[in-house]
Q: 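Take a look at this one; I'll ask things after.
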Amino acid sequence: MPQYELWLQLTAPELILSISSLILLLIAGFAGQKSSKLVGILAVTALVASSAVALDFLTGDGFSEGADAFYGQYFMDRFGSFTKLLIYAAAIITLIISPRFLEERKMMRPEFPVLIVFAAIGMGLMVSATDLISLYIGLELNSLAAYVLASFARDDERSSEAGLKYFVLGALASGILLYGMSLLYGFTGTTSFIGIANAFGDELGNGALFGMVFVLAGLAFKISAVPFHMWTPDVYEGAPTPVTAFFASAPKVAAIALTMRVLFWCFYGFIASWQPIIIFIALGSIIIGAAGAIGQQNVKRLLAYSSINNVGFLLIGIAAASAAGAAATSTYLLIYVAMTLGAFACVMELRDVNGNAVESLDALAGLSKVRPGIAAALAIFMFSLAGIPPLYGFWGKALVFSAAVEAGLLPLAAIGIAASVIGAFYYLKVIKVMYFDDVSGIVVAERSAPERLAIIILTALFVSPLGFFLNGVIATYSDQAGTALTYFLSFA
Amino acid sequence: MNDLGFPILSTMLLVPALAAIICLFVSAGTARMIALLATLIDLALGIILWINFDIGGAQWQFVESAPLFDRFSWALGIDGISLMLIMLSVFLMPICIGASWNSIDKRVGEYMAAFLFMEVLMIGVFAAQDIFLFYILFEAGLIPMYLIIGIWGGADRIYASYKFFLYTLLGSVLMLIAMFWMVNEVGTTDIPTLMQYDFAPEAQTWLWLAFFASFAVKMPMWPVHTWLPDAHVQAPTAGSVILAGVLLKLGGYGFIRFSLPMFPEASAQFVWLMLSLSMVAVIYTSLVALVQHDMKKLIAYSSVAHMAIVTVGLFAFNQQGLEGAMIIMLSHGLVSGALFLCVGVIYDRLHTREIDRYGGLSINMPRYALLFLLFTMASIGLPGTSGFVGEFLALLGVYEVSSLVTLVSTTGIILGAGYMLYLYRRIAFGELVHDDVKQMTDLSPREMALLAPIAAVVLWMGVYPESFLAPMRGDISALEARLARAKPVGDAQLTPGTGLPANADTHGNSDNHGSAADEGAH
C-alpha cells in the first residue's frame, strides 16, 4: 500500500534540493554568467531549507524510530539526518567561502553552486540508502558532480588532470563496487540491505564473502582509505582549492556513513568477517596517511594525506562495531569537517603579489608575522588535526579510541594511537614553517574576505577548547545516530 | 565549594587564561605588565590557598565539580601534595616573567601568552580530579612549550622543539588508552575513586607500563631522558626554569598520584625496574654532567640525576622515601630554576653558555657569586639547604629496601658535588682572564629580586622543612597505607633476636624496621 504522502515527507530534504537544483539550472542556463551570485545565494537557501528539515527529523519526536520510504529503498533515521546535516553544512560553507576565490581567478560560473547541490542530493541519498540500487544512484550522482567539479578550472592543466584521474579511477571503483553488488544480488536474490542480511542466515558463503570484499573495496576508494587512496593527493592538489575543501569534507562524510550503513545493516551478523578488513585499512590509512605526508611540499597534498590519515581514525570507530563506536565516528566526522573546512579556508586566504594562490609549504614561512590571524587559525587546525589536547580534534580521536577499547580492540587502539604520533610530525612541520622560520616574502598581507574570515573564526572557535562545552549536545545526537544505525547489532 | 566562598582553583585558572588572551592583542610593554600582574595575583591566590588549607582535614579540599563535558567533568580539588606543587608553580611564574623582562624583545605578547597558558595548564594538572581533564591539561602543555622553544629558543631550537614534542607525545598516548580501559572498567572518571579501586593484578601490569611510558619520559628517566638536555639548552632562560622547575615534576606527580595508589601490586612488581633505571641514571648522568662544556647542559643532566633520586624515594614504598621524593621535587624545582636563572644572568651579558669563557666572576660579581654558591650548595644537598632534607629522607627511605641502591645513589650525590663544585670553580673562581668578562656588571636590582626570594625559600625549606612536609604528611601516610599490602621485602630487615628474654626491655626495639615506620607515621 503506497503511502506517497509519508514517503515524500521523509525524502523532503532531497526533494527540496532536487527541485531547487533544476530551477537553478534553468536560471543558470538562461541568465548565463552574470547569474552566478544569485544562483549561489539560492543554492545556499535551498541547502538551508533542507538542513532545517533534516534538523527537524533529528531533533523532533515525529520519526524518532526512523521510517522506511519507497519499499525499502530509503530509510530516514537519526543517523541519516545527523550525517545529512553535516553534509549540507559542509556544502553551505563551501558555497560561502568559494565564490570570491573563484571570481578572482575568473572561474566563477553559475554551474558551480548547481553542481554542489547535485552532489549534496547524491550524498543525502547515500546516507539514507538501504538498498543497493538507491546506494548506487546516490553514489554516482555525487561522483559525477564531483568529476566535473574537480576539473572546474578548465584552463588549468592540473585541474583537468585531476578531473580525468578522478573519473577514470572513480569509474574503476564503481565497477568494483557494482561487481560486488552483483555477487551479493546473485547469492541472495535481493538488493535490499536487510533482505541481504536475512538471506545469509547464519553463514556467509564464499561467494557472498567475495561480494562483501568487492563492495568494501569500492567503498574504500570513495573514502580514500588505504590501499585505494592513491588518487587522493593528485586530485586534491589539482582541483581548485574550494573544490578540494568540498571533497575533503562532505563526500567523506557521505562515503563513511554509507560504509557504516552497509556494514551495520547488510553484514551486521558477520562482524567477524569484516572487522579484520576494517582494522587493516584503518591502520593502513593512519600509517600511510601520516608517513606519506612527511615529504610533501604542497599544502593541499599535505591536507590530502591528512584526510587519508583521518579516515583511518574514523574507521577505528567503525571497527569497534558498536553503538558507541558509531556515535564516536559521527562525532569525529563533525569535528573533522570543521577542522578541514577551516584549514582549507585558511589556505584560500593566501596569495602572492600577483594574486596567485599560494600552495607551497615553503611559501608559508614566517606567515605568523605576515598574516598573524590566519597563521594562528591554521596552527589551531593543525594541532587539532594532530589530536593534541586541549583542541577539540583530540576529543574526536579520544572517542573512537575509547569505543575501540570498550569493544576490546586494545591492540588496534594502542597501535593506532602510537601511529598518530607519526602524523603529529607533519602537522608540527606546518606550524614550524609558519612560526619558527624566517619570512619568505611570498605571501602578501592583505585584508581577508569577510565571509571567509567569519567561517575561519567560527570553525577555529569550534575546534578551540571552547568546543568541549558542546560535548553534551553533540553526544546527545551522535548517540542517537549511533544507536539508530546499529539497531540490528542487537540481533547479531 | 569551600570556606572561601568562591571557587578559588577555577579562579586561579581563569586569571592567567584571561590574561593570556589579552596579552595576544596588546603592545609589548603592556603585555609584560599584564603577565606580571596576573602571575602575582595567582601567587596571592596560592598563598590564600595555603593559609586556608586545613592540615589534617579532609583529604581533598577546595573541591569543585561541574559536569560540563558530558563524558568527563570540570572537577578540581587538591590534597597536600597538589598544594605544594601548585605553590611551586605559582611561585616560579612571576620569576619567569621577570626573567624574560628584557631578554625577550620579539613577539612579547605571544611569549607572555604562552607562559600564562602554561601556568593555567600546570595548576590545572595538579588540581584536576577527573582523569580526562588531567590528561587534557597534561598533554596540552606540549603546545606552549613547543612554541616557547621553537620561537624564542637558541640556534638549534627547531630540532629541540620537535624532539621535545614527539618524545613526550609518544610517551603519553599509550597512557590515554590505559585511561580508557580503566574508566570502562570502573565506570567513573573521578581520580579519588580510581585511587581507591583495586584493579586485578594482571591488568595492573599493563596499565602500569602504559602510565610508566608517559611519566618516565616526563620525569625524565634514563634512557628516555635525551630530549631534556636539548630542550633545556635551546629554550630561553625562563623556558628552562619552567621546564626544570615544574614540568619535570609532572612525571613524579604522575607516579605518586596514579601509578603508586592505583596499581600498588604492579608498582611492587616493577620496583626492580625503577630502582635499576634510577641507579644507572644517577651514576651515568652525573658522569655525563662532569664533562659538559655548556652550563645549561650540565644543569640539565644534573636534573636527570636528581629526578632519579626522586624515583628511588617514590619506589621505596615508605613514608620517608615518599616524603623525601616530594621534598626533592620541590627543592629541585626551586634550585634548578634558580641555577638556570643564574646561567641566564651571565648569558644575558656575554651571550655564551660556554663554561670556559667565564672565570673569576667572584671578583667582579660578588653578589652573583654568593647566590650562585648558595644554589650550587643546595643542588649538592648541603645541610641547611632544601636539597639536603629531600635527599636525606629519600635515601633513608630506600635504605630500608636496598642497601645497594642506597650506596649507588649516595655515590651519585657525591658525583653531584663533584660536577657542581667543578662548575662553580670554573665560573666563579680563578683569575679574570677574559676582557669581556671583566666588563660584566654585578646583579641588577631586577635580577636580585628574582633570585633572592628563591634563596630565601631554599633556606627556609632547608632549616624548617616541617612547613612543607606538614600539609603532605596525611596524604603520604594514606598512600603508604595503601601501598602496605604490596610492599616489597627489603634487604635491611633485621631478624628478630632470639636473645635473652630477661634483657628484652633494655635492648628496646630490635626490630628497627618497625620503629622506623612508626616514627615515619607520626
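Computation of the quantities below employed the complete heavy-atom set of this structure, encompassing side-chain atoms and omitting hydrogens, waters and symmetry-equivalent molecules. Convention: sequence-line order gives letters A, B, ...; per-chain numbering from 1.
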Q: What are the two closest heavy atoms between Phe383(A) and Ile143(B), and how far apart are they?
A: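 Reported closest heavy-atom pair: CE1-CG2, 3.5 Å.
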
Q: Could you report the tightest heavy-atom contact between Asn184(B) and Glu406(A), atom names first, then the distance?
A: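 Closest pair (atom of Asn184(B), atom of Glu406(A), distance): OD1-CG, 3.1 Å.
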
Q: What are the two closest heavy atoms between Ala418(A) and Leu170(B), and how far apart are they?
A: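 Residues Ala418(A) and Leu170(B), closest heavy atoms: O-CD1, 4.1 Å.
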
Q: Could you check whether Phe180(B) and Phe401(A) have their ring centres less than 6.0 Å apart?
A: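 No, the ring centres sit 6.0 Å or more apart.
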
Q: To the closest 0.5 Å, what do you measure between CG (Asn471(A)) and CG (Leu68(B))?
A: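 It is 9.5 Å, given to the nearest 0.5 Å.
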
Q: Which answer fits Phe117(B), side chain, backbone, both or neither, if we ask what part of it has an atom under 4.5 Å from a heavy atom of chain A?
A: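 Contact with chain A involves the side chain of Phe117(B) alone.
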
Q: Measuring centre to centre across the rings, with the benzene-like ring taken for any Trp, is Phe72(B) within less than 6.0 Å of Trp395(A)?
A: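 Centroid separation for Phe72(B) and Trp395(A): below 6.0 Å.
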
Q: Taking all heavy atoms of Ile417(A) and all of Leu174(B), pick out the closest pair and write down the distance.
A: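 It is CG2-CD2, 4.3 Å.
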
Q: Quick one: which of Ala379(A), Ser402(A), Pro390(A), Gly472(A) has the most heavy-atom pairs under 4.5 Å with chain B, could you say?
A: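 So the answer, after comparing Ala379(A), Ser402(A), Pro390(A), Gly472(A), is Ser402(A).
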
Q: What's the shortest heavy-atom distance between Phe436(A) and Arg157(B), and which atoms?
A: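 That closest heavy-atom pairing would be O-NH2, 2.8 Å.
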
Q: Between Leu147(B) and chain A, which part of the residue has a heavy atom less than 4.5 Å away: side chain, backbone, both or neither?
A: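 Both backbone and side chain.
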
Q: Could you tell me which portion of Phe165(B) (side chain, backbone, both or neither) has an atom closer than 4.5 angstrom to a non-hydrogen atom of chain A?
A: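 When you check distances to chain A, only side chain atoms of Phe165(B) fall under 4.5 Å.
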
Q: Are Arg71(B) and Phe468(A) close enough, and set up right, to give a side-chain contact (heavy atoms from CB on, under 4.5 Å), and what steps lead you there?
A: CA-CA 10 Å; Arg71(B) 294 274 291 260; Phe468(A) 282 97; over 6 Å; no

Q: Can you say whether Ala398(A) sits under 4.5 Å from chain B via the side chain, the backbone, both, or neither, judging by heavy atoms?
A: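 It is both, since atoms from each part get that close.
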
Q: Considering only heavy atoms, which portion of Glu110(B) lies under 4.5 Å from any heavy atom of chain A: side chain, backbone, both, or neither?
A: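 Side chain of Glu110(B) only, per the 4.5 Å heavy-atom cut-off to chain A.
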
Q: Considering only heavy atoms, which portion of Ser172(B) lies under 4.5 Å from any heavy atom of chain A: side chain, backbone, both, or neither?
A: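 When you check distances to chain A, no heavy atom of Ser172(B) falls under 4.5 Å.
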
Q: What pair of heavy atoms forms the shortest contact from Ile177(B) to Val405(A), and how long is it?
A: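 For Ile177(B) and Val405(A), the tightest heavy-atom pair comes out as CG2-CG2, 3.9 Å.
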
Q: Under the ring-ring contact (aromatic ring centres under 6.0 Å, His included) rule, what do Phe394(A) and Phe132(B) come out as? Steps first, then yes or no, please.
A: CA-CA 11 Å; Phe394(A) 162 74; Phe132(B) 289 145; 8.1 Å; no

Q: Chain A heavy atoms under 4.5 Å from Leu176(B): which part of the residue, side chain, backbone, both or neither?
A: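 Answer is side chain: those atoms of Leu176(B) sit under 4.5 Å from chain A.
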
